[in-house]
Amino acid sequence: MENIQFDYALEPSRDILCIDCKSFYASTECVLRGWDPLRTELVVMSYPSHRMDQRASGLILASSPAAKRAYGIGNVSRARDLPFPYPPSLKIVPPRMRLYMKMNQKINRIYKSYCDEENHHVYSVDESFLDVTNVLKLFQVDSPFELARMIQRDVFCQTGIYTTVGIGDNPLLAKLALDNAAKKNANMKAEWRYQDVARTIWKIPELTDFWGIGKKQAKRLNNLGIRSIDQLAHSNYFYLKERMGVIGAQLYAHSWGIDRSFLGETYEPKSHSIGHQQILPRDYDKKEELAVVIKEMADQIGTRLRKDGLKAEGLTLQLIFSKGYIDEGDRTYLKRHMTLEATAQRKDLMKVAMKMFDSLYRGQVIRAVALTADRLTRKEYQQLDLFTPIELIEQAKKVDEIVDRIRQRYGFKKLVYAHSLKEGGRAIERSSLVGGHAGGLSGLEEEKNFGKNWEKLYRL
DNA sequence: TCTGGGGTCCTAGGACCC
DNA sequence: TCTGGGGTCCTAGGACCC
């Protein structure tokens, strides 16, 4: 069977850096507390506030390198993976998401001092891509490797955070170099180029170590007789494409280090969404209680949409059954999506969410709820229907605006809907969370404790 | 897994239109 | 009607990433 050949001479060849912050949350905590991020045994542990006392429910959001080594845990793991009683040398601290976000902003500003907006792509809270091809001269360095060292030093001096850097001809190579080599190297850097593919990518030991291959895809590949990246690269492109669709084709290309994306291209994701998911503190099977939670989530999503100046044209509701509960249809969850006229209004979102809930729910035992607004647009005009008087629409909009303002100024808890006070309501408890975890003290409270200079003290 | 939370992308089948 | 074909939109389901 014929196969595909890649000609590296024709592929994009840039100097791309993929930089991540070593154990970001854990390191930030160490820095804030004046401890060495590499030597301190520290984990950031999140407890749902309703079960502080239950060790088993603790989730470790981040572990310092020393903690990883000492207890054989990964970056993200569970409290029960730690020895118990907890060793005295181990520092366990609650998350302070607000401070991590500030630290992230500071680090991004440092990256921006090395490249312009166009050549900086934020991948996640602790990972960024930089295209430094055109700035090597400007910084008087001979190689991207040297520039990477400069940036690492700069970030460390300004923040105390260690960074790891993967370097490559394209974003994929840089990312693979980061994940599979830089993290293990003493200098926290690794450079993978096209000519290195055979002795780098193909030597990655496990399929699941490869970006884009999880447990399920690894199994599918195994079923095709492919057990390593090397075998993947030496399989047949057309066969893979036939058996695994575009994913197969993409994996094949990736195994040869091929990635034709550029950071500069304004990449438009096909879909955008804003959603929330929460595991409930206990099983819920009362319709009214679930309705309260769903309404709260619709409220929260509406607030976020309005803050970002967005409107949703779709809404998805998911109700996940309690562990072990399976209904007649053999399902483990219920899910429904609906389209709607572009809106960011609380009333509209709640109405649609409730409609989906009514159509789905038949008394099952629920443990988790997810609500996601998708197909987001920036449409300015208001779609009018023939039956709702314009005054009513304007009125609802004003109410939303006022609620937003009050909450922004005085905090969420100062203005909650009556239903949230009922049995089962979650909004009040969740209002202090940032990104689903404890936000830590507000800036104002930090100032009270440490004075006006608290940000400087924290190197933020 | 003895249930964290927030995202994006791909597939497949049905509805509907020409 | 023992019966065409192609395109697009919609929704449910699933996989992966940080």
Side-chain angles (χ1 to χ4, degrees), chain A residues 18 20-21 23-25 44-51 54-62 74-81 95 97 100 104 122-128 175 178-179 207-221 241 243-251 254 267-284 297 300-301 304 313-318 320-325 329-340 356 359-360 365-376 430 433-439:
Chain A
C18 180
D20 97 332
C21 298
S23 310
F24 181 52
Y25 295 171
V44 178
M45 201 189 295
S46 179
Y47 274 98
S49 52
H50 54 272
R51 42 168 85 162
Q54 293 171 37
R55 168 176 166 245
S57 64
L59 178 79
I60 297 171
L61 297 186
N75 194 28
V76 178
S77 39
R78 318 277 332 185
R80 58 171 169 275
D81 299 331
M97 301 300 287
Y100 310 156
N104 168 249
V122 175
Y123 182 63
S124 74
V125 67
D126 67 344
E127 261 178 71
S128 271
K175 172 76 172 143
L178 173 77
D179 289 343
L207 280 175
T208 50
D209 291 340
F210 195 69
W211 186 82
I213 303 180
K215 247 163 76 181
K216 288 287 165 67
Q217 300 295 4
K219 207 165 169 200
R220 282 178 80 187
L221 287 166
K241 195 169 174 184
R243 300 295 295 269
M244 295 183 73
V246 299
I247 302 242
Q250 192 183 306
L251 286 178
H254 285 178
Y267 163 72
E268 272 300 316
K270 280 183 190 138
S271 65
H272 253 312
S273 64
I274 284 182
H276 293 293
Q277 132 147 35
Q278 61 171 316
I279 305 235
L280 299 167
R282 56 178 164 80
D283 290 344
Y284 279 39
M297 294 175 86
Q300 201 185 356
I301 285 172
R304 254 182 88 190
E313 294 187 307
L315 200 61
T316 306
L317 175 69
Q318 276 186 92
I320 296 108
F321 300 158
S322 183
K323 186 108 202 139
Y325 184 95
D330 249 17
R331 287 167 305 198
T332 55
Y333 66 97
L334 303 168
K335 175 167 159 173
R336 176 133 195 234
H337 177 273
M338 279 185 102
T339 50
L340 48 149
M356 290 191 283
S359 79
L360 280 174
V365 183
I366 304 298
R367 195 48 182 270
V369 181
L371 189 67
T372 305
D374 54 40
R375 281 188 240 189
L376 307 185
R430 287 170 59 82
L433 303 186
V434 177
H437 304 288

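These figures come from a predicted structure and were not determined experimentally. Just so it is clear: chains get the letters A, B, ... in the order the sequence lines come, proteins before strands, and each one is counted from 1.
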>> Let me check I have this right: for DNA chain C, each base becomes ., (, ), [, ] or |, based on Watson-Crick or G-U pairs with both distances under 3.5 Å. What is the full string?
In response: ....||||||||||||||
> How about A/Leu317 and A/Val369: do any of their side-chain heavy atoms sit closer than 4.5 Å?
Replying inline: yes
> Do the side-chain N and O atoms of A/Arg375 and A/Thr339 include a donor-acceptor pair separated by under 3.5 angstrom?
Replying inline: no
> Whole Å only: how far is the CZ atom of A/Arg430 from the C1' atom of B/dG6?
Replying inline: 11 Å
> Just checking A/Leu433: base, sugar-phosphate only, or nothing, at a heavy-atom cut-off of under 4.0 Å?
Replying inline: nothing
>> Exactly one of A/Leu61, A/Asn75, A/Ile60 should register a side-chain contact (heavy atoms from CB on, under 4.5 Å) with A/Tyr25. Which one does?
In response: A/Leu61
> Between A/Val76 and A/Ile247, which is nearer to the 5' end of DNA chain B once each is assigned its nearest nucleotide?
Replying inline: A/Val76
> Under 4.0 Å: is that the gap between some side-chain N or O of A/Arg78 and OP1 or OP2 of B/dG4?
Replying inline: yes
> Closest approach of A/Ser273 and A/Asp374, non-hydrogen atoms and distance?
Replying inline: CB-CB, 3.9 Å
For nucleotides 7-10 of chain C, print each protein N/O atom paired with a nucleotide N/O atom at under 3.5 Å, atom names and distance only.
residue : atom : partner  : partner atom : Å
C/dC10  : OP2  : A/Arg375 : NH1          : 3.4

> Which one, C/dA12, B/dT3, B/dG6, comes nearest to the side chain of A/Arg336?
Replying inline: C/dA12
>> Can you confirm whether A/Met244 sits close enough to A/Gln217 that some side-chain heavy atom of one is under 4.5 Å from a side-chain heavy atom of the other?
In response: yes
> Looking only at atom C1', what distance separates C/dT11 and B/dG4, rounded to whole Å?
Replying inline: 27 Å
> For the pair made of CE in A/Met244 and P in B/dA12, what is the distance, rounded to whole Å?
Replying inline: 12 Å
>> Can you build the contact string for nucleotides 13-18 of chain C? Use B for base contact, S for sugar-phosphate-only contact, and - for no protein heavy atom under 4.0 Å.
In response: BSSSSS
> Within this structure, what is the CD1-to-P distance between A/Ile301 and B/dG5, rounded to whole angstrom?
Replying inline: 14 Å
> Are OP1 or OP2 of B/dG5 and a side-chain N or O of A/His276 less than 4.0 angstrom apart?
Replying inline: no
>> Between B/dG13 and C/dT3, how many Å separate the two P atoms, rounded to a whole number?
In response: 24 Å
> Passes side chain to side chain contact (heavy atoms under 4.5 Å, CB included), A/Tyr333 versus A/Ile366? Steps please.
Replying inline: CA-CA 8 Å; A/Tyr333 66 97; A/Ile366 304 298; over 6 Å; no
> For A/Leu371 and A/Ile301, which heavy atoms make the closest approach, and how far apart are they?
Replying inline: O-CD1, 3.2 Å
>> Treating A/Asn104 as the side-chain partner and A/Val125 as the backbone partner, does any N or O pair qualify as donor plus acceptor under 3.5 Å?
In response: yes
>> From CE of A/Met97 over to C1' of B/dG4, roughly how many Å is that when rounded to an integer?
In response: 11 Å
>> I need the CD-C1' distance between A/Gln278 and B/dG5, as an integer number of Å.
In response: 11 Å
>> What is the distance, to the nearest angstrom, from the OH atom on A/Tyr284 to the C1' atom on B/dT3?
In response: 14 Å
> When rounded to the nearest 0.5 angstrom, what distance separates CG in A/Leu59 from CG in A/Asp81?
Replying inline: 10.0 Å
> Atom CZ of A/Arg243 to atom P of B/dT11: distance rounded to whole Å?
Replying inline: 15 Å
>> Can you tell me how far apart CD (A/Glu127) and CG (A/Asp179) are? Round to the nearest 0.5 Å.
In response: 6.5 Å
> What's the shortest heavy-atom distance between A/His254 and A/Trp211, and which atoms?
Replying inline: CE1-CZ3, 3.9 Å
>> Just the rounded figure in Å: distance from P of B/dG6 to OH of A/Tyr25.
In response: 12 Å
> Any donor and acceptor pair, going by atom type alone, linking the side chain of A/Arg367 with main-chain N or O of A/Leu280 inside 3.5 Å?
Replying inline: yes
